[in-house]
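First comes the structure, then the notes that go with it.
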Number of protein chains: 2
Amino acid sequence: MTATRKPAASDPPAMSYGLLPDLLGFHLRRAQVALFRHFAHSVGTAADITPGLFGMLQVIAANPGLAQSRLAEAMEVERSTIVKVADQLEARGLIERVPSAVDRRSHCLELTETGRGELARIEGLVLAHEADLTAKLTPAERQTLTRLLIRLAE
Amino acid sequence: MTATRKPAASDPPAMSYGLLPDLLGFHLRRAQVALFRHFAHSVGTAADITPGLFGMLQVIAANPGLAQSRLAEAMEVERSTIVKVADQLEARGLIERVPSAVDRRSHCLELTETGRGELARIEGLVLAHEADLTAKLTPAERQTLTRLLIRLAE
DNA sequence: GTTTATTGTTAGCCATGCGAACAAATATCC
DNA sequence: GGATATTTGTTCGCATGGCTAACAATAAAC
């Protein structure tokens, strides 16, 4: 006698995902959705920010005076996409568009004082979120995962 | 004497990503963008389909007669999102909404003959895309990556 | 038989992204 | 030096993909 029980008529019909479990993209997507949800719950409730905007802020903070076009290249999006992002961050007082001293076409993105403070606060939340999320993995596994993702992406 | 050369004025100023490289979400996103691009180039050009729609088709094919609400649960999206997806797939002749025999509210999603043929063709393209994409990894690494992603997502 | 829940649908909204077109400013090239 | 290209930020329109809220029809629960 096996451990499998007789299926009852009331059983939810077992769901099949077909080929999907064999595809990396399926698991990549699920992991990302899980991460987004976790971010929204742990960081988003306390700071009104998304992973995307946080990434932009990080790069702006790490490269003072960055022109919008450079940011676009770094984030691998179009220049026109950056306009909206900069509008948002500027409207919230986190960054400023400072006219470049050497090129009158370009705007240098700079964190404001408010922006610096907010970013420091958000970084704490993000690091806590990261620690919480990866608590399921050992440090070695975490590193392995990161490395494999990098190799996949390049 | 080290191997570092004297930075010239014409050098592109080295870009920093701040904290981002320490965050799993950053690498997850990059990997996904890379995968989407690869999918678009290898599958999308030959079949006019996206990873999302392909996933829906897979689940419909693997669960004949699935009601829209069940599909929504399986894909973890809202019922209303499925309406648009089903509209698209139906407009393209790949699936049909068959009225349920036992519940006059629900529509059972079924592949059409065309849909079956198309899906078979697309599956070939997707598997080739997958093989190509993961050629950078050994089979063991591929499996490790999948397992770690699953553990992260649950 | 009345109330509650589920199903599919519509409508409107938001976020993220792209592409095309544009004017201003800068580079390049004879 | 002056014509021609290129770069920069911007706007506008569009597409995708997702959400919520409301609704009518139907089914289930009490």
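The chains referred to below are lettered A, B, ... by the order of the sequence lines, with proteins before strands, and numbering in each begins at 1. In what follows, every heavy atom counts, from backbone to side chain, and hydrogens, waters and symmetry copies are set aside.
Electrostatic pairing of B:Glu76 and A:Arg29 does not count as a salt bridge here, judged by no charged N lying under 4.0 Å from a carboxylate O. Using a 4.0 Å cut-off between charged nitrogen and carboxylate oxygen, B:Arg92 and B:Glu118 do not count as a salt-bridge pair. With respect to B:Arg142 and B:Glu130, a salt bridge is recorded, a charged nitrogen being found less than 4.0 Å from a carboxylate O.
Closest-nucleotide positions on DNA chain C for B:Arg97 and A:Gly52 were compared, and the one nearer the 5' end corresponds to B:Arg97.
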Output a table of donor-acceptor pairs, distance under 3.5 Å, between side-chain atoms of residues 67-75 of chain B and any protein atom two or more places apart or on a different chain; print 'none' if there are none.
{"unit_1": "B:Gln68", "atom_1": "OE1", "unit_2": "B:Arg97", "atom_2": "NH1", "d": "2.9"}
{"unit_1": "B:Arg70", "atom_1": "NH1", "unit_2": "B:Glu73", "atom_2": "OE1", "d": "2.9"}
{"unit_1": "B:Arg70", "atom_1": "NH1", "unit_2": "B:Glu73", "atom_2": "OE2", "d": "2.5"}

Which donor-acceptor pairs under 3.5 Å do side chains of residues 53-61 of chain A form with protein atoms, sequence neighbours excluded?
{"unit_1": "A:Gln58", "atom_1": "OE1", "unit_2": "B:Leu19", "atom_2": "N", "d": "2.8"}
{"unit_1": "A:Gln58", "atom_1": "NE2", "unit_2": "A:Glu123", "atom_2": "OE2", "d": "2.8"}

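Note: B:Tyr17 and B:Phe26 have tilted aromatic rings, judged against thresholds of 30 and 60 degrees for the angle between ring planes.
By the 6.0 Å contact criterion, CD on A:Glu96 is open, its count of non-hydrogen atoms from other residues, nucleotides or ligands being 12 or less. The environment of CZ in A:Arg147 is sparse: at most 12 heavy-atom neighbours from other residues, nucleotides or ligands sit within 6.0 Å.
An OP1 or OP2 oxygen of C:dT6 is reached within less than 4.0 angstrom by no side-chain nitrogen or oxygen of B:Ser106.
Taking every heavy atom of residues 70-93 of chain B and every atom of DNA chain D, pairs under 4.0 Å involve B:Val77, B:Glu78, B:Ser80, B:Thr81, B:Lys84, by number. Proximity of residues 36-47 of chain B to DNA chain C (heavy atom under 4.0 angstrom from any strand atom) is not detected for any residue.
Within the 4.5 Å cutoff, no side-chain heavy atoms of A:Pro99 are placed close to those of A:Arg104. Side-chain contact between B:Leu28 and B:Leu149: present, with at least one pair of heavy atoms (C-beta onward) separated by less than 4.5 Å.
First and last contacting nucleotides of DNA chain D toward chain B (any atom under 4.0 angstrom from a heavy atom, 5' to 3' order): D:dG17 to D:dA27.
The shortest heavy-atom contact between B:Glu154 and A:Lys136 is O-NZ, 2.7 Å.
Using modelled atom types, one side-chain atom of B:Asn63 and one backbone atom of A:Ser16 make a donor-acceptor pair closer than 3.5 Å. Judged purely by atom type and a 3.5 angstrom limit, B:His41 uses its side chain to pair as donor or acceptor with the backbone of B:Arg37.
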Pick out the pairs of N or O atoms, protein on one side and nucleotides 26-29 of chain C on the other, that lie under 3.5 Å.
{"unit_1": "C:dT26", "atom_1": "OP1", "unit_2": "A:Arg104", "atom_2": "N", "d": "2.9"}

